[in-house]
Amino acid sequence: MCGIFGIVARDAAIPADVLERGTKSLAHRGPDDSGTILLHDPSDGSTEIGLGNRRLAILDLSALAHQPMHDAETGNWIVYNGEIYNFREVRAELERCGTSFVSHSDTEVVLKAYARWGDGCLSRFRGMFAFALWDSRQHRLFMARDPMGIKPLYYAQSANYFLFASEVRSLLGTGLVRPRIDKAGLLNFLTFGSAYDPLTLIDGIRALPAGCTLVWQKGKIQESAYWDLVDAPWARSDASSLSHNGSAPAAKIQKLLEESVRMQLVSDVPVGIFLSGGIDSSALVSIVSRGGVRPSTFSIVFREADYSEAEYSRAVAKKFGTDHHEITVSQTDLLRAIPDALSAMDLPTMDGINTYFVSRETRKAGVKVALSGLGGDEVFAGYSSFRTIPRCERLARVWEHLPGVARQGVASVFGAMVPPSDQNRKLTLLMRNGHGALHPYFVSRMLFTPEQRNSLLKYVGRDVCELASAGQRGHLNRAVALDAVNRVSYLESRCYMLNTLLRDSDVMSMSQGLEVRVPLIDHELAKTVMSVPGAVKMGRTPKKLLVDALEGSLPEEIVRRRKRGFTLPFEYWMRQELRPEIEAQLSAGRVSGGPLGPILRGTAVEQIWNGFLRGTVSWTRPWSLYALQRWCEMQNISA
C-alpha cells in the first residue's frame with residue numbers, strides 16, 4: 001500500500017523540486033520507503049516524466065520491492081498503490097510463460113503482467129489498486145483504477161503538464177493547480193455530502209472513475225472503462241445464472257466470500273478486523289476464525305448508551321475468542337482531534353471521523369492492515385432503502401400520471417401541513433417531481449434539497465447543474481435494466497459507497513499509515529451477488545444471502561438486532577462541547593468573510609445551524625457545512 005505521484009512535462013521542464021515535494025506530501029501514506037525517478041522520452045526530446053512513490057510495506061518487506069520499479073526487459077517503470085490479492089496465482093501463470101522475477105512483491109507482478117498482456121492484464125487482477133506505468137516502447141503513460149474504486153487516483157492537465165496523485169492535496173501542493181472551488185463539485189457536495197467522481201471540489205482536478213483506465217500520449221488523454229457491475233449479461237434484470245430459490249446462490253456466495261477473505265489475509269505484517277457488532281464485520285470475524293486464525297478486533301465504544309454497540313461487539317469477540325480492543329471516544333476526544341481529523345480529509349465529506357478514530361487506535365496497537373465490513377449493506381441489500389425505494393418507484397409511476405398542476409397542488413398542501421424536517425422536505429420534493437429527473441434513490445441520499453441549495457448558493461447556472469448531475473444520470477441509465485433491488489444496489493455501490501464510504505476509509509486510514517481491506521466488495525463477489533434476482537435477496541432475515549452463506553455461525557442476537565449505522569453521537573455532542581466551535585464557524589459573518597463568502601450566503605448557512613438547534617434539521621447538514629468551511633480554510637481554497 002502506498003501513495004503515488006507523477007508529472008509529465010511536454011515542451012517544458014518539470015519545475016525544480018515539484019517531483020520531490022509531491023512525493024513527500026504523501027509520506028503519511030507510506031512511511032516505510034520513498035523513491036523518485038526522472039525519465040526522458042527518447043522519441044520526443046521535449047518530454048520529461050517524473051514518478052514518485054511513498055511505500056507502506058505490507059508484502060515483500062525487502063528493498064527489492066522498492067518503487068518506482070523498473071522492468072529491465074521492457075524498459076517500463078511503475079508506481080503502484082494497492083494490493084493484488086491473487087498475485088501469487090498471476091505470478092505462477094507468468095512463470096509458466098517464461099517470465100522471471102526479482103522480488104516477491106505484487107508490484108512486480110503488475111509490471112510483468114502488463115509486459116505480457118498489455119492493457120488486458122487488468123482482467124486477471126483481484127484486488128484494490130491505482131497505478132501509473134510508463135510504457136517506454138509505446139511512449140505513453142498508462143493508468144488504471146480498480147473495478148470497485150477502492151483506491152483513489154486524481155489527475156490534472158494544463159497546457160504543458162499532466163499530473164496525477166493518490167490525493168488531491170498533493171496536486172494542489174505543486175502550485176501548478178489553482179486552489180479554486182469547482183462549482184459543479186460544490187453542488188455535488190451540497191446535494192450528497194461529497195463530490196461525486198469524476199468531479200472533485202477543485203477546479204481542474206478530476207478523479208479517474210472506478211474500473212477505468214487513462215492513457216496520456218503526446219499531450220492527449222483518453223479515458224476508457226474496462227469493467228462495470230452492469231456490463232455483462234449476468235447483471236441484467238432477467239439474470240438466471242443463479243437459482244431463484246436462494247440455496248444455490250448461498251452456496252456459491254459462501255465459496256466466493258471465504259475465498260475473498262482468505263485472499264485478503266495475505267500479508268507479511270499483522271492483520272486486524274474492525275468489529276462493530278453488526279452482521280458485516282461479524283461475518284469477517286466468523287470466516288477468519290473458521291480458518292483457524294485468532295484475529296485481533298477493534299471496536300469504538302461510547303459512554304452514551306444510545307450510540308454504543310459494545311454489547312454486540314463483545315458478544316462476537318467472546319464467541320470467536322478474538323484478541324479484542326475497545327476504543328472509548330468522548331466528545332472531548334473529538335474536540336481535541338478535529339484539527340487532525342479534518343486535515344486528514346483529502347476532500348471533505350459529511351462522514352469519516354469515525355474511521356479516523358478506529359484507524360488511529362488500531363495503528364497504535366501495532367497493526368498495519370485491517371479488514372472492514374464496508375460494502376456489506378450496499379452489496380447484500382442491508383439498508384431500509386432496498387425496501388422503500390422500490391415502493392417509491394411504484395408509487396411514482398402512478399403519481400406521474402396525475403396532471404402537473406394537481407401534483408404541485410397536493411405537494412404544496414402536504415409541505416404546508418407537515419412539521420418541518422429533512423424527511424418531510426424530501427417527501428414534498430418527490431411529490432412535486434413524480435418520476436421525473438429526481439429518482440427516489442437520489443432523493444433518499446440527498447443532503448440539501450434543491451430549494452435549500454438555492455438558498456445557500458448565491459448563483460448556480462444551468463450549465464453547472466447539468467455538469468453536476470451528469471454522473472448520476474449516467475449511473476441511473478446503466479441501472480435501468482436491473483430489477484428494483486439490484487438497481488438500488490448498483491446506485492449505492494457507484495454513488496454513496498464509492499464517493500463517501502470508500503473515500504473516507506482510504507484517506508482516514510492512510511493518514512495513520514494503516515491499510516484497510518474490504519473483502520465484502522471483492523469485484524468477483526459483488527458481480528455474483530448482483531446476478532441474483534432482487535427478490536431472492538430480500539427476506540425476514542437482514543442481508544439474507546450473507547447470513548445464509550455463513551451457515552448459522554453468527555449469534556442470533558447479531559442477526560436479529562436493529563440496524564444501526566456506524567456513527568459518532570454527533571447529534572448529542574453538537575449541542576454540548578462541540579457547539580461553540582461549530583456555531584462560530586457557521587455564523588453569517590464568519591461564512592461571508594471566509595473562503596466561500598463569494599458563493600455561499602452566510603445568513604442561509606446560519607439558518608441551517610439554527611434549524612438544527614430547533615430540531616428541524618438533522619446534524620449531518622450543519623456538520624457538512626462546518627467540514628467544508630474548515631477544509632477550505634485549511635487548504636487555502638477560494639471561490
Side-chain angles (χ1 to χ4, degrees), residues 147-148 210 228-254 256-257 278-280 283 373-399 426 430 435 438-446 472-498 500-501 520-550 559-560 562-563 565:
M148 298 299 287
D228 190 84
L229 278 167
V230 295
D231 272 345
W234 44 254
R236 299 187 63 84
S237 57
D238 59 354
S240 57
S241 61
L242 292 178
S243 167
H244 283 58
N245 63 20
S247 58
K252 185 170 184 179
I253 288 165
Q254 180 187 35
L256 284 169
L257 188 60
I279 291 175
D280 303 329
L374 188 155
D377 285 316
E378 290 76 14
V379 172
F380 289 96
Y383 295 129
S384 61
S385 58
F386 283 90
R387 297 186 186 278
T388 59
I389 291 174
R391 286 200 294 266
C392 286
E393 286 184 337
R394 292 193 295 270
L395 288 172
R397 283 192 289 271
V398 175
W399 184 251
K426 291 182 180 183
L430 278 174
H435 201 252
L438 292 172
H439 186 271
Y441 169 75
F442 294 114
V443 175
S444 74
R445 280 293 176 195
M446 199 168 278
Q472 291 89 70
R473 290 197 305 271
H475 291 315
L476 186 57
N477 288 339
R478 299 178 75 80
V480 165
L482 302 172
D483 63 53
V485 171
N486 280 315
R487 182 159 45 251
V488 176
S489 187
Y490 178 82
L491 293 173
E492 289 282 18
S493 298
R494 284 317 198 203
C495 297
Y496 174 65
M497 184 184 81
L498 175 67
T500 300
L501 299 182
L520 298 185
I521 57 169
D522 166 74
H523 77 279
E524 293 290 346
L525 174 62
K527 177 174 70 175
T528 300
V529 177
M530 183 68 81
S531 72
V532 179
V536 177
K537 300 177 184 179
M538 308 305 291
R540 293 183 178 180
T541 303
K543 284 176 267 201
K544 183 178 183 298
L545 282 181
L546 179 56
V547 172
D548 288 350
L550 296 170
V559 174
R560 300 294 178 185
R562 180 173 61 87
K563 170 72 179 171

### Summary
Closest heavy-atom pair, Lys543 versus Gly376, reported as atoms and distance to 0.1 Å, is CD-O, 3.8 Å
### Query
Can you list the steps and then say if Leu257 with Leu520 is a side chain to side chain contact (heavy atoms under 4.5 Å, CB included)?
CA-CA 7 Å; Leu257 188 60; Leu520 298 185; 3.4 Å; yes
### Closest approach of Gly373 to Asp280 (non-hydrogen atoms, all atoms of both residues)
O-CB, 3.5 Å
### Task
Answer yes or no: is there a side-chain heavy-atom contact under 4.5 Å between Gln472 and Leu491?
no
#### Entry: Nearest-0.5 Å distance that lies between atom CD1 in Ile279 and atom NZ in Lys544
12.5 Å
### Distance in Å, Leu501 CG paired with Ser493 OG, rounded so as to fall on 0.5 Å steps
10.0 Å
### Query
Considering all heavy atoms of both residues, which atom of Tyr490 and which atom of His475 are nearest to each other, and what is their separation?
CE2-O, 3.5 Å
### Task
Mind listing the closest non-hydrogen atom pair of Val485 and Gly534 along with its distance?
CB-CA, 3.6 Å
### Task
Taking all non-hydrogen atoms of both residues into account, name the closest pair between Val547 and Pro542 and its distance.
CG2-O, 3.3 Å
### Summary
To the nearest 0.5 Å, atom OH of Tyr441 lies from atom OH of Tyr496 at 8.5 Å
### Side-chain heavy-atom pair Arg487, Glu393 within 4.5 angstrom cut-off
yes
### Query
CD1/Ile521 to CE/Met497 distance, rounded to the nearest 0.5 angstrom?
4.0 Å
#### Entry: Sequence-distant partners of Glu492, salt bridge (Lys or Arg N to Asp or Glu O under 4.0 Å), two or more places apart
Arg445
### Query
Can you say whether the rings of Phe386 and Tyr383 are parallel (under 30°), tilted (30 to 60°) or perpendicular (over 60°)?
parallel
### Query
Roughly how far apart are Leu545 CG and Ile253 CD1, rounded to 0.5 Å?
4.5 Å
### Task
Compare all side-chain heavy atoms of Met530 with those of Leu482 and state whether any distance is below 4.5 angstrom.
yes
### Message
With rounding to the nearest 0.5 angstrom, report the CG to CE distance, Asp228 to Met148.
### Response
9.5 Å
### Query
Can you list the steps and then say if Thr388 with Ser385 is a side chain to side chain contact (heavy atoms under 4.5 Å, CB included)?
CA-CA 5 Å; Thr388 59; Ser385 58; 4.1 Å; yes
### Query
Is it true that a side-chain atom of Lys537 and a backbone atom of Asn486 form a donor plus acceptor pair closer than 3.5 Å?
no
### Query
How far apart are the closest heavy atoms of Gly539 and Arg387, and which atoms are they?
O-NH2, 2.7 Å
### Message
Keeping Thr528 on the side-chain end and Glu524 on the backbone end, is there a donor-acceptor pair under 3.5 Å?
### Response
yes
